[in-house]
Engineer: 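After the structure tokens below, expect a handful of questions from me.
Letters A, B, ... are given to chains in the order of the sequence lines, protein chains preceding strands, and every chain is numbered from 1.
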Protein chains: 4
Amino acid sequence: MSGINKVILVGHLGKDPEVRHLDGGVTVASFPLATSETYNKDGKRIEQTEWHNIVLWRGLAEVASKYLQKGKLVYIEGKLRTRSFEDKERVKKYVTEVVAENFTILGRKSDFEQTPSTGENSTPKSESDYIDPNDTSGDLPF
Amino acid sequence: MSGINKVILVGHLGKDPEVRHLDGGVTVASFPLATSETYNKDGKRIEQTEWHNIVLWRGLAEVASKYLQKGKLVYIEGKLRTRSFEDKERVKKYVTEVVAENFTILGRKSDFEQTPSTGENSTPKSESDYIDPNDTSGDLPF
Amino acid sequence: MSGINKVILVGHLGKDPEVRHLDGGVTVASFPLATSETYNKDGKRIEQTEWHNIVLWRGLAEVASKYLQKGKLVYIEGKLRTRSFEDKERVKKYVTEVVAENFTILGRKSDFEQTPSTGENSTPKSESDYIDPNDTSGDLPF
Amino acid sequence: MSGINKVILVGHLGKDPEVRHLDGGVTVASFPLATSETYNKDGKRIEQTEWHNIVLWRGLAEVASKYLQKGKLVYIEGKLRTRSFEDKERVKKYVTEVVAENFTILGRKSDFEQTPSTGENSTPKSESDYIDPNDTSGDLPF
DNA sequence: TTTT
DNA sequence: TTTT
């Protein structure tokens, strides 16, 4: 009870988002995201890259499939989820994913040509026009 | 464009939430929150407390007025907003507030007897029943 | 370059920390942490628990082994790291862990009787006495 | 006791950092940071900008003065601190600042020509070479 | 006072 | 598999 499970990432997409439409019309998108970190070791700069499996659902998946491409720099907020599955040999395996709840494209101007801000960052400043990032029934939030 | 403005606090309410109903039926709640930090100075433990002005809108304000009281320990997620106002002598002043987007009560089990988790923490794990924390038209999310 | 890889968790320890001392005197501690989330599904409250593998190094491991026990509620800040290993059958497997950079015990007053705040939360408010949470050479930060 | 006070910002510097050297040799740097957010109101895109007062101490101040300039996009992690002061008319006033504990430059390649990653993002992946971001006695972490 |  |  009363837990917090929050992940904040800034990194580059390793591939274009892969989009699937589940039975019932639910959209899911996923892509690998690289977060790199540089540090000194014995006077040399070492770069260490960590790869994350990003998963997005519904409206967020659709926005992602439209505006995110391989190489783009994004801020992603989400939560951790570890799920099990069986591989081809029917061996049970586990994978930990970051289920995105919100993302924002960062970076170069050219990246913004057709861009959004998404998720809860679209919450209203005034009290007039809340756009539900999870709502797929209507217009996208931009 | 492409900014992030996020605040994460864990602290105790200094007072009960103060609730106001604006013209148009919008609910606003506010309360002071203390975050304390302990550190060593010359071998002595020093506790330093920082006070934050928390503001909640709409459904979140109503949930807060119902479940938060002075002394409770809460996790709050929100964003910074600095606004100006005129005091009684008509001097322009500034105040920085944390506009809550989500909160969760932490602490003793007894605190949870009638408790919730709120805001985006209520987002569905499955794809079936999203409850909009900003929606005041219907039932509260618990 | 320029990545951010940050995890923020509030949850309960599933077990006491397990401590190991590596060659070279480095201390490592680890424990499972549960973050639970409650949401409505068809009018019923569903609780969903996510388990995280927490790993702590050096001074933070020592502090953890001393002050954290099964059942305690903690705030943990860290980063994601996925590493591979071979199981007993020499099959390559992957596991994603949260490498803690900082933690704070939350919860009942009785929990705090001998407690600390650790890591970067111990950074000085004044400019006088920085205590390095990663430094194992000297006293613990409290 | 047991509080968390954390701010995460991504935005652009409104001015070059202003650096001061206090008695005792402590360095302090400060600059305004803009975080912008775009949302829809009646079909029009509205941009709303929030300004934050960023303050950096010691080694972090020196790194900032060297690598941050007006216009740059940065990720900043820190904590809120409200302090009082007297203005020229000796009226007591309050200001809320974000005391940075860590920052990373984001954005265009040209921005990185002489750039770093700083603060805790420079913490070692291995257990060999921790560089204290608050330590001003030695070399900067790059 | 930034940026898109 | 990204980016600098």
Engineer: Can you measure A:Ile54 atom CD1 to F:dT2 atom P for me and round it to whole angstrom units?
Structural biologist: 16 Å
Engineer: Report which part of the nucleic acid D:Thr49 touches: base, sugar-phosphate, or nothing (heavy-atom distance under 4.0 Å, all strands).
Structural biologist: base
Engineer: Starting from P on F:dT3, measure out to OH on A:Tyr75 and report it in whole angstrom.
Structural biologist: 22 Å
Engineer: As a test of reading the structure: which of F:dT2, E:dT1, F:dT1 is closest to the side chain of D:Pro32, going by heavy atoms?
Structural biologist: E:dT1
Engineer: State which residues pass side chain to side chain donor-acceptor pair (under 3.5 Å) with A:Lys93; sequence neighbours excluded, sorted by chain then number.
Structural biologist: A:Asp87
Engineer: Please identify each residue that fulfils salt bridge (charged side-chain N to carboxylate O under 4.0 Å, His left out) with C:Glu86, with sequence neighbours left out.
Structural biologist: C:Arg90
Engineer: Measure CD/A:Gln69 against P/F:dT2 and give the value in whole Å, please.
Structural biologist: 15 Å
Engineer: Round to a whole Å and report the spacing from NZ of D:Lys72 to P of E:dT1.
Structural biologist: 21 Å
Engineer: Using the side-chain heavy atoms of A:Ser36, tell me which of these nucleotides is nearest: F:dT3, E:dT2, F:dT1.
Structural biologist: F:dT3
Engineer: Please report the closest heavy-atom contact between C:Leu80 and C:Val7, naming both atoms and the distance.
Structural biologist: CG-CG2, 3.5 Å
Engineer: Using whole Å, what does the distance between atom P of nucleotide E:dT4 and atom CZ of D:Arg45 come to?
Structural biologist: 14 Å
Engineer: Check the distance between E:dT4's C1' and D:Ile46's CD1 and give it to me in whole angstrom.
Structural biologist: 15 Å
Engineer: Check every strand shown and say whether D:Lys70 touches a base, only sugar-phosphate, or nothing at a heavy-atom separation below 4.0 Å.
Structural biologist: sugar-phosphate
Engineer: How many whole angstroms separate atom CG of D:Asp16 from atom P of E:dT3?
Structural biologist: 11 Å
Engineer: Got a salt bridge between D:Glu50 and B:Arg81, using NZ or NE/NH1/NH2 to carboxylate O under 4.0 Å?
Structural biologist: no
Engineer: Given atom CZ of A:Phe31 and atom P of F:dT3, what is their separation to the nearest angstrom?
Structural biologist: 14 Å
